[in-house]
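Ligands are counted one by one from 1 in listed order, and the atoms in each one are counted from 1 as well. From a predicted model like this one, the values you see are computed outputs, not experimental measurements.
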Amino acid sequence: MEAVIVNGHTVRALTIAGSDSGGGAGIQADLKTMHQFGVYGMSVVTAVTAQNTLGVQGVHELDAEFVQMQMDSVLDDIGTDAAKTGMLANESIIHAVVDGLEKHAVPYLVVDPVMVAKGGAPLISPEAIDALRERLVPRADVITPNIPEASVLCGHPLETWDEYHRAAEQLAKAGAQTVVIKGGHMSPFQSTSTPWGRNIIDPVSVDIVFCNGDYTYFLTKRIDTRKTHGTGCTYSAAITSMLARGYSVLDAIAVAKAFIFQAIEGAKDWDVGQGHGPTDHFANVPLGSSVEPGGAYLCDGLPWVRLDQ
Ligand SMILES: Nc1ncnc2c1ncn2[C@@H]1O[C@H](COP(=O)(O)OP(=O)(O)OP(=O)(O)O)[C@@H](O)[C@H]1O
Ligand SMILES: Cc1ncc(CO)c(N)n1
């Protein structure tokens with residue numbers, strides 16, 4: 001992939017996240033994804049984890065002042081067309097990041113409210129959740145919680161389609177422009193009877209997108225694999241890259257959905273590590289056709305197939 005140039009400028013994207021020594025999630029997944037999308041990737045590291053596909057063996061959080069210094073270094077000089085946040089570790093880092101975002105005008109912000117790693121290790125302190133909700137959610141152009149993260153942010157468990165929809169509306173009311181409730185943790189049972197009026201027999205992975213008062217749905221076949229380490233990081237980095245390239249929010253999410261599907265599919269037979277293996281960041285970037293708000297789209301491959309008509 002060559003560097004994408006838009007209006008004579010090299011497209012840039014910034015990730016503010018934790019380092020995953022195993023290379024499948026965090027900063028490493030984000031930079032690999034941005035590269036694959038032809039976007040010049042930069043990083044502000046919040047924490048360093050000793051991590052592999054089996055779990056998180058250790059976490060070293062950086063000082064909030066040093067996080068702020070990295071943001072100033074990158075944004076005073078290079079600037080960015082879009083940014084994303086991932087693991088933010090603690091309350092003082094969240095405040096430093098939001099202060100930095102307010103100081104430097106960042107055109108788009110994607111917030112992946114990372115809370116726990118696949119193996120269950122916490123990646124944020126419980127005291128930091130309020131700061132996440134009160135300071136970062138209102139600044140998000142796009143927020144991408146999985147089901148457990150959306151439950152924590154909304155303060156109650158989420159199990160039904162109706163509850164997923166109400167949660168998206170609650171986060172939008174809290175100030176997020178677009179809310180993506182990711183389907184990786186939904187049970188296949190809930191995918192059999194759908195809000196767009198068609199039943200699905202095979203298990204699918206559905207992402208619910210609430211944007212400007214409309215619900216749009218993106219889905220793919222659910223892949224039977226435990227190699228899903230860093231799926232959320234990869235997906236939000238793909239959305240960030242597409243926004244940096246100038247695509248609309250819905251088009252960006254559709255392409256990211258197709259990319260993460262191919263990335264999970266592509267690494268199904270990899271032998272990287274003994275636990276939750278990483279996804280294939282070498283996957284194809286399927287630049288798709290335009291998406292209309294309110295539709296339900298199958299993003300397994302090009303062109304997207306509209307399912308609600
Ligand atoms: N088995 C699967 N098959 C197809 N798509 C999947 C599968 N698992 C997750 N996805 C998709 O991957 C994307 C990330 O969702 P997921 O809910 O797994 O994020 P996450 O829990 O935040 O990931 P992580 O914590 O590992 O970074 C979503 O688009 C989701 O629908
Ligand atoms: C550093 C880091 N960020 C995010 C995740 C979530 O996948 C992880 N496992 N590690």
**Item:** Aromatic plane relationship, Phe210 with Tyr215 - under 30° parallel, 30 to 60° tilted, over 60° perpendicular
**Value:** tilted
**Message:** Check the orientation of His165 and Trp161. Use parallel for under 30°, tilted for 30 to 60°, and perpendicular for over 60°.
**Reply:** tilted
**Under 3.5 Å: donor-acceptor pair, side chain of Lys227, backbone of Lys268** = yes
**Item:** All pairs passing salt bridge (charged side-chain N to carboxylate O under 4.0 Å, His left out) where residues 237-259 contributes a residue, at least two apart
**Value:** Asp207-Lys257
**Item:** Check: Thr53/Gln274 side-chain N/O donor and acceptor closer than 3.5 Å
**Value:** no
**Message:** Do Phe259 and Thr234 make a side-chain contact, defined as non-hydrogen atoms from C-beta onward lying under 4.5 Å apart?
**Reply:** yes
**Request:** Answer yes or no: is there a side-chain heavy-atom contact under 4.5 Å between Ser205 and Met186?
**Result:** no
Protein N/O near ligand 1 N/O, under 3.5 Å, which pairs?
{"from": "ligand 1", "atom 1": "1 (N)", "to": "Ile223", "atom 2": "O", "distance (Å)": "2.9"}
{"from": "ligand 1", "atom 1": "3 (N)", "to": "Ile223", "atom 2": "N", "distance (Å)": "2.9"}
{"from": "ligand 1", "atom 1": "17 (O)", "to": "Gly184", "atom 2": "N", "distance (Å)": "3.2"}
{"from": "ligand 1", "atom 1": "18 (O)", "to": "Thr231", "atom 2": "OG1", "distance (Å)": "3.0"}
{"from": "ligand 1", "atom 1": "19 (O)", "to": "Lys182", "atom 2": "NZ", "distance (Å)": "3.4"}
{"from": "ligand 1", "atom 1": "21 (O)", "to": "Asn146", "atom 2": "ND2", "distance (Å)": "2.9"}
{"from": "ligand 1", "atom 1": "21 (O)", "to": "His185", "atom 2": "NE2", "distance (Å)": "2.8"}
{"from": "ligand 1", "atom 1": "22 (O)", "to": "Asn146", "atom 2": "ND2", "distance (Å)": "3.4"}
{"from": "ligand 1", "atom 1": "22 (O)", "to": "Lys182", "atom 2": "NZ", "distance (Å)": "2.7"}
{"from": "ligand 1", "atom 1": "23 (O)", "to": "Lys118", "atom 2": "NZ", "distance (Å)": "3.3"}
{"from": "ligand 1", "atom 1": "23 (O)", "to": "Thr231", "atom 2": "OG1", "distance (Å)": "3.0"}
{"from": "ligand 1", "atom 1": "23 (O)", "to": "Gly232", "atom 2": "N", "distance (Å)": "3.0"}
{"from": "ligand 1", "atom 1": "26 (O)", "to": "Lys118", "atom 2": "NZ", "distance (Å)": "2.5"}
{"from": "ligand 1", "atom 1": "26 (O)", "to": "Thr228", "atom 2": "O", "distance (Å)": "3.4"}
{"from": "ligand 1", "atom 1": "26 (O)", "to": "Gly230", "atom 2": "N", "distance (Å)": "3.3"}
{"from": "ligand 1", "atom 1": "27 (O)", "to": "Gly232", "atom 2": "N", "distance (Å)": "2.9"}
{"from": "ligand 1", "atom 1": "29 (O)", "to": "Asp207", "atom 2": "OD1", "distance (Å)": "3.4"}
{"from": "ligand 1", "atom 1": "29 (O)", "to": "Asp207", "atom 2": "OD2", "distance (Å)": "2.6"}
{"from": "ligand 1", "atom 1": "29 (O)", "to": "Lys257", "atom 2": "NZ", "distance (Å)": "3.3"}
{"from": "ligand 1", "atom 1": "31 (O)", "to": "Ser205", "atom 2": "OG", "distance (Å)": "2.6"}
{"from": "ligand 1", "atom 1": "31 (O)", "to": "Asp207", "atom 2": "OD1", "distance (Å)": "2.9"}
{"from": "ligand 1", "atom 1": "31 (O)", "to": "Lys257", "atom 2": "NZ", "distance (Å)": "2.8"}

**Request:** Carefully, step by step, assess Leu109 and Thr85 under the rule side chain to side chain contact (heavy atoms under 4.5 Å, CB included).
**Result:** CA-CA 8 Å; Leu109 178 66; Thr85 61; 4.2 Å; yes
**Under 4.0 Å from ligand 2, counting heavy atoms only: the protein residues, by chain and number** = Gly18, Ser19, Ala25, Gly26, Gln51, Met87, Val114, Ala117, Leu123, His229, Cys233
**Qualifying residues under ring pair (Phe, Tyr, Trp, His ring centres under 6.0 Å), relative to Tyr108, sequence neighbours excluded** = none
